[in-house]
Structure formats: C-alpha cells, structure tokens
Chemist: 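Okay, handing you the structure first.
Remember, it's a predicted structure, so these values are computed and weren't measured experimentally.
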Amino acid sequence: QVQLVESGGGLVQPGGSLRLSCATSGFKLDFYAIGWFRQAPGKEREAVSCIKSRSGSTNYVDPVKGRFTISSDSAKNTVYLQMNSLKPEDAAVYYCAAYRIFFEDCSLLPRYYDYWGQGTQVTVSS
C-alpha cells in the first residue's frame, strides 16, 4: 500500500539548517506529485513546497523561497526538503503528501493530496 514516512526533523538554532526526507513506497514516484506541508500549534496546516518528480518542476510558498529547496530521487523513492536559514516561525510539524499527477504542475492545495505521512517535528530555538 502507499506509505510516506518523514524523517530528519529535530531541534536547530535560528539560522541553522535541516534536511527532511520523505521515503515513499507503494507507488512509482515519477507519476506522483509530492508536497511538503507544515502545521504549527494553534495554526492551520499550510503548504511549503511541492515537486513533480518526472519533470522536476517545483513550487514554493513565498516565506520559504530562497531558503528551502525540494528535490526528488526516484531511484531511492525519496523526496527531500533542504531547509536553510531557519527562523523560529518555521517551527512546526512537517508532513509530506502525495497525489497522482498528469500534465499539470504540482499544486500547493492540500485538497489535491490523497496520501499523507505522520509528520516530523522541526523546532527552531536558541
């Protein structure tokens, strides 16, 4: 069955970096869009970035542009989120999610995503 498992979260100081991984199984990554979302306590889940693995096209929300980079390794069935220059407001539980994609670019709307991981905690604090 389809599974997504996030890892790589942890505690980092402001200005530091983390790389999150989303290990996927049960489907062919090239046929799916993978998105990263996050949810801070008391806030709604929000989009961060997405990638269409087959083409490599990506989308980012404005607050993370220039700081976060999403990438995909189809051979490893894994999608990564490299997060640099982390800020306290980046602290949240980060989730990866997937949906079957065809010709369009990947969407940052959560309603498109059919499969979700359990999340990994990112804490940014000095």
Chemist: Tyr112 and Ile101: same hydrophobic cluster, using ILVMFWY side-chain contacts below 4.5 Å?
Modeler: yes
Chemist: Side-chain contact test, heavy atoms from C-beta onward, threshold under 4.5 Å: evaluate it for Trp116 versus Pro110 and give yes or no.
Modeler: yes
Chemist: Do other residues, nucleotides or ligands put more than 12 heavy atoms under 6.0 Å from Glu44 CD?
Modeler: no
Chemist: Provide the closest heavy-atom pair for Lys43 versus Gln39 in the form atom of the first, atom of the second, distance.
Modeler: O-NE2, 3.1 Å
Chemist: Would you say that Leu4 contacts Glu6 through its side chain, given a criterion of any heavy-atom pair below 4.5 Å between the two side chains?
Modeler: no
Chemist: Given 3.5 Å as the limit, does a donor-acceptor pair link the side chain of Asp114 with the main chain of Arg100, or not?
Modeler: no
Chemist: Does the side chain of Tyr80 reach to within under 4.5 Å of the side chain of Gln82, using non-hydrogen atoms?
Modeler: no
Chemist: Rounded at 0.5 Å granularity, tell me how far CD in Gln118 sits from OG in Ser7.
Modeler: 13.5 Å
Chemist: Please tell me if the side chains of Leu81 and Val48 come closer than 4.5 Å, counting only heavy atoms from C-beta onward.
Modeler: yes
Chemist: Would you check, one step at a time, whether the test salt bridge (Lys or Arg N to Asp or Glu O under 4.0 Å) holds for Asp90 with Lys87?
Modeler: CA-CA 5 Å; Asp90 294 318; Lys87 304 175 181 181; over 6 Å; no
Chemist: Taking the side chain as every heavy atom from C-beta outward, state whether Val79 and Ser71 have any atom pair closer than 4.5 Å.
Modeler: no
Chemist: For Ser72 versus Ser53, what's the shortest heavy-atom pair and its separation?
Modeler: OG-OG, 2.9 Å
Chemist: Let me check something: any side-chain donor-acceptor pairs from residues 15-36 under 3.5 Å, sequence neighbours excluded? List them with distances.
Modeler:
| residue | atom | partner | partner atom | Å |
| --- | --- | --- | --- | --- |
| Ser17 | OG | Asn84 | OD1 | 2.9 |
| Thr24 | OG1 | Asn77 | O | 2.8 |
| Asp30 | OD1 | Ser74 | OG | 2.6 |

Chemist: If you define the side chain from C-beta out and look only at heavy atoms, does anything of Glu46 sit under 4.5 Å from Arg38?
Modeler: yes
Chemist: What's the shortest heavy-atom distance between Pro14 and Ser125, and which atoms?
Modeler: CD-C, 3.6 Å
Chemist: Where do Tyr94 and Met83 land on the side chain to side chain contact (heavy atoms under 4.5 Å, CB included) test, with the steps shown first?
Modeler: CA-CA 12 Å; Tyr94 282 70; Met83 306 187 296; 3.8 Å; yes
Chemist: Would Arg111 count as a cation-pi partner of Tyr113, with NZ or CZ less than 6.0 Å from the six-membered ring centre and within 45° of the ring normal?
Modeler: no
Chemist: If you round to the nearest 0.5 Å, how far is CD1 of Ile51 from CZ of Arg54?
Modeler: 13.5 Å
Chemist: Using the side-chain hydrogen bond (donor to acceptor under 3.5 Å, both in side chains) criterion, which residues pair with Thr58? Sequence neighbours excluded.
Modeler: none
Chemist: Determine, using the 4.5 Å side-chain heavy-atom cutoff (strictly less than), whether Tyr99 and Val2 are members of one ILVMFWY cluster.
Modeler: no
Chemist: Tell me if the aromatic rings of Tyr95 and Phe37 count as close, with their centers under 6.0 Å from one another.
Modeler: no
Chemist: Say whether Ser55 and Ser57, considering side chains only, have a donor N or O and an acceptor N or O under 3.5 Å apart.
Modeler: yes
Chemist: Starting from the C-alpha separation in whole Å, work towards a yes-or-no answer on side chain to side chain contact (heavy atoms under 4.5 Å, CB included) for Tyr60 and Cys50.
Modeler: CA-CA 7 Å; Tyr60 298 89; Cys50 66; over 6 Å; no
Chemist: Quick one: are Gln13 and Val124 in side-chain contact, heavy atoms under 4.5 Å?
Modeler: no
Chemist: Would a single hydrophobic cluster contain both Ile70 and Val122, if residues Ile, Leu, Val, Met, Phe, Trp and Tyr are joined by side-chain heavy-atom contacts under 4.5 Å?
Modeler: yes
